[in-house]
Amino acid sequence: MKKIEAIIQPFKLEDVKEALKAIGVDGMTITEVRGHGRQKGHKEVYRGQEYQVDLLPKVKLELIVDSARVEEILQTICKAARSGKIGDGKIFVLPVEEAIRIRNDDRGEAAL
Amino acid sequence: MAQAPPTLEQKVEALQSAVASAQTSGDNAWMLASCALVLLMTGPGLALFYGGLVRRKNVLGTMMHSFILMALATVIWAVVGYSLSFGEGNPFVGGFQYLFLNGVGMQPNADYAATIPQLTFMAFQMMFAIITPALISGAYAERIKFNAMLVYTALWLFIVYFPMAHMVWGKGGLLNAFLGGKIPCFDFAGGTVVHITSGVSALVAALYLKPRKGYQEEPMRPHSLVLSFIGACLLWFGWFGFNAGSALGAGGLAASAFVATHFGAAAASVGWLLAEWLRTGKPSVLGGISGCVAGLVAITPASGFVKPMPALLIGFAAGIFCYFMVAIVKMKLGYDDSLDAFGVHGAGGTLGAILTGVFATNAVNNALKDSAGNPLPLGLVDGNAAQIANQAIGAGIAIVLGAVGSFVCLKIADLVCGLRASAEHEVDGLDLSMHGEEGYNLEA
């Protein structure tokens, strides 16, 4: 099992969800986060006072998936989330030791 | 036995009484509605406007600064404030004839408003005594202790507001153009009494308290311009009561002030947005709503004296001037008037007071008459250039009283309980440290 963490542009969330649904991935957790990589922030002006806003709103998707499907899912997310501009985000893949379905104690891939 | 038919005299008497009663009904209806409109300006209008401009951790504390005055200023006003403002005293402050509202009832007070109960007049003026100190809270926002704020504000009403209200509007007041003042100053709805005093007092408070921790180093963006937007629009709405209500009746003068008020707000919104757009490249919502408030401030003293076209001019000038004060002058001088109480109310109020001397005309307001009953010229447009000097003296007195009075009140409050919240409390936010609660418990 692997955990896929994808940090994407908020406006790409619907596209990514649709694309994942189309290949049969239907479990995910989504968080609204703020952060930045190489993308520079933007300037806001309130009554003449300028503020540099560095931490930009992003959406983080977390999926735990069967190791065999990781590559396919990564390609799907990349394709759906890409606008080609700086700030499109990043994806990380991590190993997962165990998964448990709380309702009935299912373990491992059966719990996904 | 059949009753004798009424004589002509009896008929006329009955008719006169019916006419007076009808006028009282009409005027009093508008004035009671105006009282409620002016109260709405403080809560929720000003509370939302200021509350949205602070950081999330201070939203309740900031709203409380407005709300508590709806309570505290009312009590002080009822007990002694109305008397000190509108009782007969010396040219500087009223006496104690209306202490505990003694003698203030359903009968009109002909000196101030002959067609409405004095209770209505008292209530209308009370709403001004509530909002004026609340305006100052923009300067000390996010860093004053709540108990110090109460002491400061209560003292301020006695030292600044009641004397200023008496001087401009009270019978025999030094600046009262209509009731025997030595220096006739035109202030229809509170340019000097409300906006200059509060704006200048705010500047002194900002300087005395020093900037917020982290000012100019860390971001202090408004946490919700949505709240501020709603608040500003409620201020605009309530201001019809503030200015048109200051006609103290429901006649033509109220209509004239209503239109002037609206035109001032609209033109100032355009002026501020235009200045901002040209300077920074973007017209902001905060700019638009700040402009409307600046215009409402500047048209306040003029609203019952000027025609509609000068109202547009006054508003437009105020929008540009206040933008300049807030966005450029404040940055250069570096004081932390957190929500720009001085840049909007002090600067806009002063501009409005002076321009009232330019555009006031007896074609709008003919209350000032010579001994033969002919209306006297009012401002420069009527050929009375000297009025500009009178207006400047009135503004000058308000500036000095506001500055010195505010300093004295700050000093006393500081000695009594310490003005500024501890660094820890300031970092935690006033909501938690002063009131033990938070504005947004989204997980609850």
Side-chain angles (χ1 to χ4, degrees), chain A residues 3-14 16-17 26-64 83-90 92 94 96 99-103 111, chain B residues 49 52-55 138 211-212 214-225 228 232 272-273 275-291 293-294 319-320 322-344 347 442:
Chain A
K3 177 182 191 186
I4 297 176
E5 275 189 20
I7 296 162
I8 64 168
Q9 296 276 34
F11 66 90
K12 284 288 188 184
L13 176 62
E14 283 308 309
V16 172
K17 265 167 54 186
D26 42 29
M28 68 182 73
T29 304
I30 285 164
T31 327
E32 291 179 33
V33 295
R34 297 156 74 78
H36 72 96
R38 286 186 198 160
Q39 184 188 19
K40 287 206 180 88
H42 58 252
K43 194 178 76 175
E44 294 181 9
V45 185
Y46 297 93
R47 286 183 175 164
Q49 177 123 10
E50 284 185 14
Y51 295 103
Q52 184 63 31
V53 179
D54 299 319
L55 298 173
L56 302 170
K58 300 283 171 190
V59 167
K60 185 166 83 171
L61 282 80
E62 292 171 277
L63 303 82
I64 314 297
S83 73
K85 296 198 188 105
I86 198 160
D88 273 354
K90 288 199 171 65
F92 307 102
L94 296 82
V96 173
I100 304 171
R101 189 188 308 278
I102 293 173
R103 172 162 54 85
Chain B
F49 185 56
L53 289 176
V54 297
R55 288 164 292 173
R212 288 164 289 175
Y215 180 63
Q216 306 268 22
E217 287 160 16
E218 55 188 72
M220 294 184 176
R221 291 184 293 161
H223 91 279
S224 171
L225 286 183
S228 298
W272 186 304
L273 282 169
E276 187 180 45
W277 203 341
L278 289 172
R279 185 161 171 271
T280 68
K282 289 200 172 96
S284 69
V285 171
L286 178 58
I289 61 178
S290 303
V293 175
I320 292 174
C322 293
Y323 173 73
F324 174 77
M325 290 300 292
V326 164
I328 299 168
V329 175
K330 185 176 83 159
M331 292 301 132
K332 290 241 159 76
L333 299 181
Y335 61 90
D336 180 14
D337 175 7
S338 316
L339 315 181
D340 297 310
F342 173 70
V344 173
L442 297 180

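Below, chain A is the first sequence line, B the second, and so on; all start at residue 1.
Interface remark: B:Leu53 contributes side-chain atoms only to the contact with chain A (heavy atom separation under 4.5 Å). Contacts between B:Ser290 and chain A at a heavy-atom distance below 4.5 Å involve backbone atoms as well as side-chain atoms.
For the pair B:Glu276 (side chain) and B:Ser284 (backbone), a donor-acceptor distance under 3.5 Å is present.
Taking the six-membered ring where the residue is Trp, A:Tyr51 and A:Tyr46 present tilted rings, their angle falling between 30° and 60°.
For the side-chain contact (heavy atoms from CB on, under 4.5 Å) criterion with A:Val59, the lone passing option out of A:Val33, A:Val16, A:Leu13, A:Thr31 is A:Leu13.
By the 4.0 Å N-to-carboxylate-O rule, B:Lys282 lies too far from A:Glu44 to be salt-bridged with it.
By number of non-hydrogen pairs under 4.5 angstrom with chain A, the leading residue of B:Val326, B:Ile328, B:Asp340 is B:Asp340.
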